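Reading through the structure tokens given below for one structure.
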Amino acid sequence: MAEERRLDRLSAMLRRRGIVLPAFDIYGGVSGLIDYGPVGAAIRRRLTQKWIDHWLSHGDIVEIDSPTITPEAVLVASGHVGEFNDLMTECRACGSAFRADHLVEHLHPNADSLAADAVDGLLASGIECPSCSDAAWTAAQPMNLMFSTQIGAMSSGRTAFMRPETAQGMFMLYPALYRHFRQKLPFGAIQTGKGYRNEISPRQGMIRLREFNMAELEYFIDPENPPHVDLARRTEIITLVPDPDGPYAGETRMGFGSALDAGIVRHSTVAWFLARTWDFLVEVGIDPAQIRFRQHASTEMAHYASDCWDCEIHGEHGWIECVGIANRTCHDLESHEAHSKAKGLRAWRQFAEPRTQTVERLAPNGAVVGPTFRADAGAVVAALEALSELPDELPFELQLSDGRSVTIDSSMVERRTETANVSGEWFTPHVIEPAFGIDRIIWHVLDHAYEEAQKEGEDYTFLRLAEGISSVDCVVLPLFDKEGMPELAREITSAINSLPRARAEMDSSKSIGRRYARADEIGIPWALTVDHTSLKDGSVTIRRRDDQMQVRSFVDEILERMAAGTIQELF
RNA sequence: GCGUUCAUGGUGUAGGGGUUAGCACAAGAGGUUUCCAACCUCUUAGCCCGGGUUCAAAUCCCGGUGAGCGCACCA
């Protein structure tokens, strides 16, 4: 009970202080849509920027930005149009809605692959409603969880969807990325932005949203030469929940390196991203004790993925999936290559030594093949090139791709043995994808930073946000709102704001204690107070949020240290 | 989507068929104050939306919307 109250108080504080609020509130609100207020938007931007910096620092990762409106064909190839098209049916008696394939799954081994009319047939065989035991169902209809729209006006418009993930943008840009990186793997691309899913019932505050902030990385590797990773120096012990169907079922604690060596994490690059995800979460203030990595069961994994991990964070809503790290293998690029007919979705693998390949082929004699087959000549040439085994003797029957066959005699072809030096081969890169739910991470950052304390008998709350995550770094407080103190405070505020990436604001209303409390509640780590001494010698007191310690220093030194990130050393 | 509980200033709440709708905190203006939600004066600000019943609805009824919980759903 006490825990639920904390959730209520935290939510109330987030609304009151302009961090996270219901969207469109004056019109009654819309479920699943939220606003970040003035404080929350700054926190979100800074956390997102930290995420971008975290990955860009690797050197082989770049940022891209692509549209949120996505043509249907892209999402057909990615599988989203199919996968998001679950068939739903409603009970005619009580109106309850269900996944139709779930209702009939005991009647068919692959219920989710059935067409709507087949499902209707099975439903009519007397399936009872789990809610009211009636047995009358509406026709099964696809319930698409994507927001659809039209590109262009009226009937000439193309069907499109608001993207359900940002990942497809990285796949669309694969050819440009491959050129950018001078045709060398591995490399990666990141993108942050909005994603959209028309959830049936959004719940749990900002955990399940209909429009949400995503941050995704696609890291392309050569599956035969995965990048070297060194986890030997990592000492942290993490909580793992391996595949419940595998040999390591149950919760275990070990290091990243051991998990890879033991084969629990099946791919070295995946292990490396688990570790780097951990680094990011801890850097932005997630409590390490509240992080665990859960491996998908083989049955739960998308069909193409070979190793999937959720990074779950524990908070007021229990364990929540906040990051998904998946080895998507070559699935996406191959699928886009097949659907789009594009050629550039591969990478070149140079052999260590050029290989000599000897090829036996029947080279067509155009002067005979052309006049003989006329319109079919092209198909005949193609069929000859495609022969994997050459006939022992001529003439022979050649099968064309459309099923017909033609007779090829010795005047039409020449048997040749060709040798070529092959220095490498084309292949489809594999991709490892860490996908972050920014809103969920922000929720847990706030949750873990929110501390209810007592101060001289009164309730007092802190938001112990990590350095660089708070909406501003520093609040400047004139001790009194007169005698030149506000003017000096204003000068100091703008001096700090002219530093790169440092933010300050001034607060001169009400008592000094109240202003400290206001700053503590939204997590501002530093407070500079301008008093009478400041007016004489340019020194101010600087107060540290986390222990309310205060030291006196000169404004110039504080500015220098703020730019260098060494404020802590003053204490 | 179904069931259920709920909806009063920015936040938390009291009340409730006819009230100037109360309180606390927060916020704004002024005063006071030599550093941790002090004090004094004044001020701003509210019954979720729509329909019904009634002489009269913020209050009762119905519907919607939103929130919490349970079921279902959750690439």
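No experiment lies behind these values; they were computed from the predicted model shown. Chain letters run A, B, ... following the sequence lines, proteins first, then strands; residues in each count from 1.
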Exercise. Taking atom P of B/rG31 as reference, at what distance in whole Å does atom CD of A/E483 sit?
Worked result: 12 Å
Problem set entry | Considering all heavy atoms, the nearest A/R515-A/P478 contact | NH1-O, 2.8 Å
Exercise. Is A/K510 near enough to B/rA37 that one of its side-chain N or O atoms lies under 4.0 angstrom from OP1 or OP2?
Worked result: no
For this session: Take atom CD of A/E521 and atom C1' of B/rG10, then tell me their distance rounded to the nearest Å.
Result: 12 Å
Problem set entry | Non-hydrogen side-chain atoms of A/H336 and A/V74 separated by less than 4.5 Å | yes
Exercise. Heavy-atom contacts under 4.0 Å between residues 541-556 of chain A and RNA chain B, which residues?
Worked result: A/T541, A/R543, A/Q548, A/Q550
Problem set entry | Identified stems (criterion: three or more consecutive Watson-Crick or G-U pairs, under 3.5 Å), RNA chain B | B:1-7 with B:65-71, B:10-13 with B:22-25, B:27-31 with B:39-43, B:48-52 with B:60-64
For this session: Respond yes when some side-chain nitrogen or oxygen of A/R15 is under 4.0 Å from OP1 or OP2 of B/rG12, and no when none is.
Result: yes
Problem set entry | A/L463 backbone acceptor or donor facing A/R545 side chain under 3.5 Å | yes
Exercise. Hey, does the side chain of A/T529 come within less than 4.0 Å of B/rC35's phosphate (OP1/OP2), counting only N and O?
Worked result: no
For this session: Name the nucleic acid region contacted by A/Y27, choosing base, sugar-phosphate or nothing; use a 4.0 angstrom heavy-atom cut-off, strictly under.
Result: nothing
Problem set entry | Under 3.5 Å: donor-acceptor pair, side chain of A/R163, backbone of A/T70 | no
For this session: Can you tell me the distance, in whole Å, between the CD atom of A/E456 and the P atom of B/rA37?
Result: 6 Å
For this session: Between A/R17 and A/E321, name the one whose nearest nucleotide on RNA chain B is closer to the 5' end.
Result: A/R17
